Student: 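Before anything else, here's the structure in question.
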Amino acid sequence: MRDAEIRELPGLIGERVRVSGWLYNARSSGKLHFLVVRDGSGYLQSVVFKPAVDERVWQEAGRVTQESSLQVTGTVKEETRAPGGVELQVEEIVIVQLCPDYPITPKEHGPDFLLNHRHLWLRSKRQHAIMRVRNELTFGIRDFFYTRHYVNIDSPILTPAACEGTSTLFETDYFGEKAYLSQSGQLYLEPAAAAHGKVYCFGPTFRAEKSKTRRHLTEFWMVEPEVAWMRFDGLLELAEEFVSTLVARILDRCKQELEWLERDVARLEPAAARPYPRIDYGDAVEKLKAKGFPVTFGDDFGGDEETALADESGKPILITRYPAAIKAFYMEPDPLDPARALAVDMIAPDGYGEIIGGSERISSPEKLEQRIAEHNLPLAAFQWYLDVRRYGGFPHSGFGMGIERVVTWLCGLQHLREAIPYPRMINRLYP
RNA sequence: UCCGCAGUAGCUCAAUGGUAGAGCAUCCGGCUGUUAACCGGAGGGUUGGGGGUUCGAGCCCCUCCUGCGGAGCCA
């Protein structure tokens with residue numbers, strides 16, 4: 001007899017194993033108990049047949065409750081009637097802890113109830129699948145950059161001032177001074193690009209905006225590459241290659257999870273191939289006008305507008321060259337039209353919204369200083385950032401991608417809050 | 001901050017202004033192949049808080065609280 005994880009069992013047919021886990025669900029008839037055990041690596045139908053076991057084992061099988069921790073020992077058997085094609089013929093059961101009144105039943109629950117029990121909700125099959133996809137995505141991101149010789153540079157979370165001067169920040173006391181939780185690692189990444197060439201940061205980001213939509217969290221994870229000498233065209237190429245590579249990886253390695261999530265994979269497959277459609281901001285405005293949206297040149301797009309612009313094919317789209325006035329201060333003006341910025345947003349299809357925002361950065365110290373003044377930002381706080389231009393200025397570009405929005409899209413979720421283990425939103429800090 | 005929707009059993013939801021109900025969960029019983037198993041029985045309620053109208057309020061009115069969705073802002 002050996003200890004085994006459930007994922008190994010298809011290769012252990014006929015062997016006697018012990019599995020440690022939790023009771024996921026139970027069904028019984030007069031002389032049979034079907035105990036579905038989960039151990040994190042999979043789900044196992046364990047069959048207890050009354051004539052085949054001691055009376056004590058039969059009694060234990062009858063009293064074990066949902067989510068009780070237990071160890072089952074028996075013989076692995078190929079069985080087409082069992083989910084997964086393998087089941088365990090039980091000889092011994094040890095209940096480690098009998099679980100009383102598990103709150104989350106196999107029936108429906110509302111979002112508020114489930115979020116109050118997020119620490120338990122994570123055990124459910126659907127949440128398990130989402131976290132597996134998230135895990136594959138974050139590992140795929142690091143793999144993507146590592147194999148292309150990017151260096152991971154972690155940005156600080158506690159910062160002395162607003163990075164972009166737009167969003168509302170969480171303020172905290174820092175030994176008598178004010179400090180803020182970071183809303184972007186980008187500004188700290190640019191100096192590192194001068195040190196290593198190709199860099200990225202990957203960490204939590206905080207926005208104190210009182211947003212109440214399915215697309216917003218107050219704490220979310222963002223990955224931000226920054227590349228020295230990369231111009232705007234190169235940035236568009238990078239964003240496309242990045243997202244298509246990640247989608248292909250998920251389709252290849254998370255088939256089971258996407259099936260459990262009932263994700264329409266055919267809707268995701270087009271995004272695994274390049275190129276993605278690109279549309280100039282000005283053309284996007286015209287397209288929206290033709291569709292009856294009350295937009296004028298200079299407006300930013302809302303959720304409905306983004307959805308209307310999205311491609312029919314299931315590919316994300318790139319919207320390029322936004323008006324400078326509605327974009328961040330550090331973005332390089334378009335040489336063809338200084339009122340525009342070399343900025344790009346990537347919009348996921350099917351209403352999942354913006355997943356990437358990026359730009360070429362201003363490389364001239366004079367131009368940057370002027371922009372800081374125009375945005376009424378405190379010049380003194382940005383001296384170190386201006387140094388990137390003063391001491392060997394160079395063209396560079398980068399973007400930020402929101403992890404939860406991508407997970408939401410990949411998994412086909414209705415709400416961003418399911419895409420992170422412990423969502424932080426307005427009115428929700430527990431558990 | 002603004003607009004809209006909602007709050008009834010542990011959970012998901014019903015209930016013309018007239019005796020508060022069902023399914024699931026829990027407990028008891030039945031069934032040798034179940035797939036959110038099924039069948040029978042039992043217990044379980046200050047209808048979010050406060051005030052008002054009425055012979056009578058879960059339902060109508062006022063107010064507060066909480067949650068959800070959207071706008072703004074963004075990834």
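Note that the coordinates shown come from a computational prediction; the quantities given were computed from them, not determined experimentally. In the text below, chain A, chain B and the rest are named by the order of the sequence lines, each starting its count at 1. These values consider heavy atoms only, across backbone and side chains, with no hydrogens, waters or symmetry-generated copies.
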Student: Can you sort out the partners of A:Glu190 under side-chain hydrogen bond (donor to acceptor under 3.5 Å, both in side chains), two or more places apart, ordered by chain and number?
Tutor: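 A:Gln186, A:Tyr385, A:Arg389, A:His396.
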Student: Look at all strands and tell whether A:Leu217 reaches a base, only sugar-phosphate, or nothing, counting heavy atoms closer than 4.0 Å.
Tutor: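 Answer is base: heavy atoms of A:Leu217 come under 4.0 Å of a base.
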Student: Let's see if you can work this out: which of B:C11, B:G33, B:C74 has an atom nearest to the side-chain heavy atoms of A:Ser29?
Tutor: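 Output: B:G33.
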Student: Any side-chain donor-acceptor pair under 3.5 Å between A:Thr296 and A:Asp299?
Tutor: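 Yes - a donor-acceptor pair under 3.5 Å links their side chains.
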Student: Against A:Phe145, only a single residue in A:Phe242, A:Phe202, A:Phe139 fulfils ring pair (Phe, Tyr, Trp, His ring centres under 6.0 Å); can you say which?
Tutor: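 Of A:Phe242, A:Phe202, A:Phe139, ring pair (Phe, Tyr, Trp, His ring centres under 6.0 Å) with A:Phe145 is met by A:Phe242 alone.
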Student: Less than 5.5 Å between centroids and less than 30° between ring planes, does A:Phe34 satisfy that with B:G33?
Tutor: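 Here A:Phe34 fails the 5.5 Å or the 30° condition.
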Student: Round to a whole Å and report the spacing from CZ of A:Arg27 to P of B:A36.
Tutor: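 Rounded to whole Å, this separation is 7 Å.
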Student: Taking atom types as modelled and ignoring hydrogens, do the side chains of A:Gln97 and A:Ser68 form a donor-acceptor contact shorter than 3.5 angstrom?
Tutor: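 No, no side-chain donor-acceptor pair sits under 3.5 Å.
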Student: Using a 4.0 Å heavy-atom cut-off across all strands, classify A:Pro83 as base, sugar-phosphate, or nothing.
Tutor: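 Contact class for A:Pro83: base.
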Student: Can you confirm if the aromatic rings of A:Trp121 and A:Phe113 lie within a centre distance of less than 6.0 Å?
Tutor: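 When the ring centroids of A:Phe113 and A:Trp121 are compared, they turn out to be at least 6.0 Å apart.
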Student: When you look for runs of 3 or more Watson-Crick or G-U pairs in a row, both distances below 3.5 Å, which of them include RNA chain B?
Tutor: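 The stems are B:1-7 with B:65-71, B:10-13 with B:21-24, B:26-30 with B:38-42, B:48-52 with B:60-64.
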Student: What is the distance, rounded to the nearest whole Å, between atom NE2 of A:His109 and atom C1' of B:A25?
Tutor: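 Rounding to the nearest Å, NE2 of A:His109 and C1' of B:A25 are 8 Å apart.
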Student: What integer number of Å spans the P atoms of B:C61 and B:C5?
Tutor: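 My reading of the P atoms in B:C61 and B:C5 gives 12 Å.
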Student: Using the P atom in both, what is the distance from B:A6 to B:U16, to the nearest Å?
Tutor: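 That atom pair is separated by 15 Å.
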Student: Tell me which nucleotide among B:G33, B:C24, B:U12 gets nearest to the side chain of A:Thr105.
Tutor: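 Ranking B:G33, B:C24, B:U12 by closest atom to the A:Thr105 side chain puts B:C24 first.
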Student: Taking the P atom in each of B:G10 and B:G43, what is the distance between them to the nearest angstrom?
Tutor: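 Per the computed distance, 16 Å lies between those P atoms.
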Student: Quote, to the nearest angstrom, the P distance that separates B:C11 from B:C2.
Tutor: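 The same atom, P, in both gives a distance of 30 Å.
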Student: Are side-chain N/O atoms of A:Tyr322 and A:Asp345 paired as donor and acceptor at under 3.5 Å?
Tutor: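 On atom types as modelled, these side chains qualify, holding a pair under 3.5 Å.
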Student: Between B:G18 and B:G58, how far apart are the C1' atoms? Round to whole Å, please.
Tutor: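 Looking at atom C1' only, B:G58 and B:G18 are 13 Å apart.
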Student: Would you tell me whether A:Ser20 and A:Gln71 have side-chain atoms, one donor and one acceptor, within less than 3.5 Å of each other?
Tutor: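 Checked: A:Ser20/A:Gln71 side chains pair up, N/O donor to acceptor below 3.5 Å.
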Student: Does the side chain of A:Thr65 pick up a donor-acceptor pair with the side chain of A:Arg63 at under 3.5 Å?
Tutor: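 Side-chain D/A pair, A:Thr65 to A:Arg63: absent.
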Student: Hey, does A:Gln45 reach any base, or is it just sugar-phosphate, or nothing, if we go heavy atoms under 4.0 Å?
Tutor: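 Counting heavy atoms under 4.0 Å across all strands, the contact made by A:Gln45 includes a base.
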Student: Across the strands shown, which category fits A:Ile355 at heavy-atom distances under 4.0 angstrom: base, sugar-phosphate, nothing?
Tutor: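 Answer is sugar-phosphate: A:Ile355 comes under 4.0 Å of backbone atoms only.
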Student: Rounded to the nearest Å, what distance is computed from the CG atom of residue A:Asn25 to the C1' atom of nucleotide B:C24?
Tutor: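 From A:Asn25 CG to B:C24 C1': 12 Å.
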Student: Regarding A:Gln256 and A:Arg132, is there a side-chain donor-to-acceptor distance under 3.5 Å anywhere?
Tutor: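 Per modelled atom types, A:Gln256 and A:Arg132 side chains form no pair under 3.5 Å.
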Student: Which pairs, with at least one residue in residues 10-36 of chain A and sequence neighbours excluded, count as a ring pair (Phe, Tyr, Trp, His ring centres under 6.0 Å)?
Tutor: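 Only A:Tyr24-A:Tyr43, A:His33-A:Trp58 qualify under ring pair (Phe, Tyr, Trp, His ring centres under 6.0 Å).
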Student: A:Asp280: which residues meet the side-chain hydrogen bond (donor to acceptor under 3.5 Å, both in side chains) condition with it, sequence neighbours left out?
Tutor: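 For A:Asp280 the side-chain hydrogen bond (donor to acceptor under 3.5 Å, both in side chains) partners, ignoring immediate neighbours, are A:Arg321, A:Arg340.
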Student: Distance between the C1' atoms of B:C62 and B:U54, in whole angstroms?
Tutor: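 Their C1' atoms lie roughly 16 Å apart.
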Student: Given salt bridge (Lys or Arg N to Asp or Glu O under 4.0 Å), test A:Arg231 with A:Glu332 step by step and report yes or no.
Tutor: CA-CA 10 Å; A:Arg231 311 304 294 257; A:Glu332 179 72 26; 5.9 Å; no
Student: Name the closest nucleotide to the A:Val47 side chain, picking from B:G33, B:U34, B:A75.
Tutor: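 Out of B:G33, B:U34, B:A75, the nucleotide with an atom closest to A:Val47's side chain is B:G33.
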Student: In this structure, how many angstroms lie between the C1' atom of B:A9 and the CG atom of A:Asp101, rounded?
Tutor: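 Interatomic distance, CG of A:Asp101 to C1' of B:A9: 14 Å.
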Student: Just how far, in rounded Å, is C1' of B:A36 from CH2 of A:Trp260?
Tutor: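 It works out to 16 Å between those atoms.
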Student: Rounded to the nearest Å, what distance is computed from the CD atom of residue A:Glu79 to the P atom of nucleotide B:U34?
Tutor: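 Atom CD in A:Glu79 sits about 11 Å away from atom P in B:U34.
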Student: Sticking with atom P, work out how far B:G40 lies from B:G50, rounded to a whole angstrom.
Tutor: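 After rounding to an integer number of Å, I get 40 Å for this pair.
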Student: For A:Tyr276, does the six-membered ring have the charged nitrogen or CZ of A:Lys315 within the cation-pi criterion, i.e. under 6.0 angstrom from the centroid and within 45° of the normal?
Tutor: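 Here A:Lys315 fails the 6.0 Å and 45° test against A:Tyr276.
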Student: With RNA chain B as reference, determine whether A:Phe49 or A:Phe113 sits nearer its 5' end, using the nearest nucleotide of each.
Tutor: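 With A:Phe49 and A:Phe113 compared, the 5'-side residue is A:Phe113.
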Student: Rounded to whole Å, how long is the line connecting atom CZ of A:Phe220 with atom P of B:C74?
Tutor: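 So the two atoms are 12 Å apart, to the nearest Å.
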Student: Using nucleotides 38-40 of chain B, report all nitrogen or oxygen pairs with the protein that are shorter than 3.5 Å.
Tutor:
none

Student: Give one of base, sugar-phosphate or nothing for A:Glu87, where a contact means two heavy atoms less than 4.0 Å apart.
Tutor: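 A:Glu87: base contact, heavy atoms under 4.0 Å.
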Student: Do A:Glu91 and A:Thr75 pair up side chain to side chain, a donor and an acceptor below 3.5 Å, judged on atom types alone?
Tutor: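 Judged by distance alone, the side chains do pair up.
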Student: Mapping A:Gly400 and A:Gln89 to their closest nucleotides on RNA chain B, which lands nearer the 5' end?
Tutor: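 Taking each residue's closest nucleotide, the earlier one in sequence belongs to A:Gln89.
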Student: Roughly how many Å is it from CD in A:Glu404 to P in B:C74, rounded to a whole number?
Tutor: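 A:Glu404 atom CD is separated from B:C74 atom P by 19 Å.
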Student: Reading nucleotides 65-72 of chain B 5' to 3', which nucleotides get B (base under 4.0 Å from a protein heavy atom), which S (sugar-phosphate only), which -?
Tutor: --SBSBBB
